[in-house]
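Here's the structure we're looking at; comments come further down.
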Amino acid sequence: MSSASTQFISASEGIAVTDRSQAMHRDIDRIIISQKQLQDRVTALAKEIASDYARSEEGLTLVTVLSGSVIFLADLIRQLPMKMRIDLVTVSSYEGKSTQSVEPKLHSDQPLMVRGRDVLIVDDILDTGKTLRLVRAWVKREKPKSVRTVVLLRKPAKAPSEVVVDYIGFDIEDLFVVGYGLDYNSLYRNLPYVAVLKPELYED
Ligand code: IMP
Ligand code: MG
C-alpha cells in the first residue's frame, strides 16, 4: 500500500476550456485534472487496492460518503474484481464554498454492515478532515476487521496530518474545485474533469 505516486496538481498547470458551446463548460475557468488523468489514476488506485485486498476472504465493504463520491465510486468499483458490499452514508456539512462550518452529522438509511469486515471508506476530497474523522469513528465503533480510506483528492495545505488516508488520487492546491462528482451549490457534478470555476461565480 502506498500513495507514493500521488501527483500534486497546481491550478497554474490547468488548461483553459476551448469548447464553450455547452452551457456548463462556459462557467469553467481552468481544467486542473483531465478526464484521461482521472481515468489513469483511478485505474492505478484500483490495481493497488485489488492487490492489497487479494487475500480478503469476505471481500470488502465500501462505506461511501454521498454525494460527491458517486462518480469516483462507480469508476473505481468496476475495476475491483472482488466481492463487495456498498454502504452509502450522508454527511451534512456545509453549503456553497464556505468551509467555516457547523459540525458535520452522519446519516444512513440502513445500519452499516461492517462488523468483522474489511472496510474501505470512499470519499471525494479530504479538505478539513472533519468528514472523514466522523465517518472513521462511526465505522470503528461497529468493530470492523480493518478500516482504510481512499480519497480522490486531498488538499495537503488544509488536511490535518492525524486524519489517516491510505489511498489518494491527487493532491491539489487549496482551491474550491468542481466536477467528477464534486459540486458547487449542487451543480457541476457531471463535468467529466476536475476544474476551477470562473472567480465571479463563487459568492463569498
Ligand atoms: P472536510 O470535512 O472539510 O474534509 O470536507 C469534506 C467535504 O467537503 C467533501 O466530501 C466535499 O463534499 C466538500 N468539499 C471540500 N472541498 C471541496 C471542493 O473543493 N469542492 C467541492 N466540495 C468540497
Ligand atoms: Mg463529500
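Residue numbers start at 1 and run along the sequence shown. Since the structure is predicted, the reported quantities are computational estimates derived from the model, not experimental observations. Whatever order the structure lists them in is the order used to number ligands and atoms, beginning at 1.
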Closer than 4.0 angstrom: is that true for some heavy atom of [X] and an atom of ligand 1?
{"X": "Gly129", "answer": "yes"}
{"X": "Arg133", "answer": "no"}
{"X": "Asp124", "answer": "yes"}

Original post:
Given the side-chain rings of Tyr184 and Tyr202, with only the six-membered ring counted for Trp, is the space between their centroids under 6.0 Å?
Top reply: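 Ring centres of Tyr202 and Tyr184 closer than 6.0 Å.
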Original post:
Are Arg148 and Tyr53 in a cation-pi contact, defined as NZ or CZ under 6.0 Å from the six-membered ring centre and within 45° of the axis?
Top reply: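 Because its charged atom sits under 6.0 Å from the ring centre and within 45° of the axis, Arg148 does stack over Tyr53.
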Subject >> Expected output: side-chain Arg115 to main-chain Pro144 donor-acceptor under 3.5 Å >> reply: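 It does not hold such a pair.
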**OP:** Could you name the option among Val163, Leu182, Val177 that has the heavy atom nearest to atom 20 (N) of ligand 1?
**Re:**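 Nearest heavy atom to atom 20 (N) of ligand 1 lies in Val177.
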Taking only heavy atoms of [X], which atoms of ligand 1 are found under 4.0 Å from at least one of them?
{"X": "Thr131", "answer": "1 (P), 2 (O), 5 (O), 6 (C), 7 (C)"}
{"X": "Asp123", "answer": "10 (O)"}
{"X": "Asp127", "answer": "1 (P), 3 (O), 4 (O), 5 (O), 15 (C), 16 (N)"}

**OP:** Kindly check if the number of other-residue, nucleotide or ligand heavy atoms within 6.0 Å of CD (Glu57) is above 12?
**Re:**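 No, not enclosed.
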**OP:** May I ask you to check whether over 12 heavy atoms, not counting those of Lys198, lie within 6.0 Å of atom NZ?
**Re:**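 Yes.
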Which part of [X] is near ligand 1, with near meaning a heavy atom under 4.0 Å away: side chain, backbone, both or neither?
{"X": "Leu175", "result": "backbone"}
{"X": "Lys158", "result": "neither"}
{"X": "Asp183", "result": "backbone"}

**OP:** Taking atom types as modelled, find out whether Asp118 and Ser56 have a side-chain donor-acceptor pair closer than 3.5 angstrom.
**Re:**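 Distance-only check passes for Asp118 and Ser56.
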Subject >> Charged N-O contact under 4.0 Å between Glu162 and Arg133 >> reply: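 Here Glu162 pairs with Arg133 in a salt bridge, since their nearest N and O are under 4.0 Å apart.
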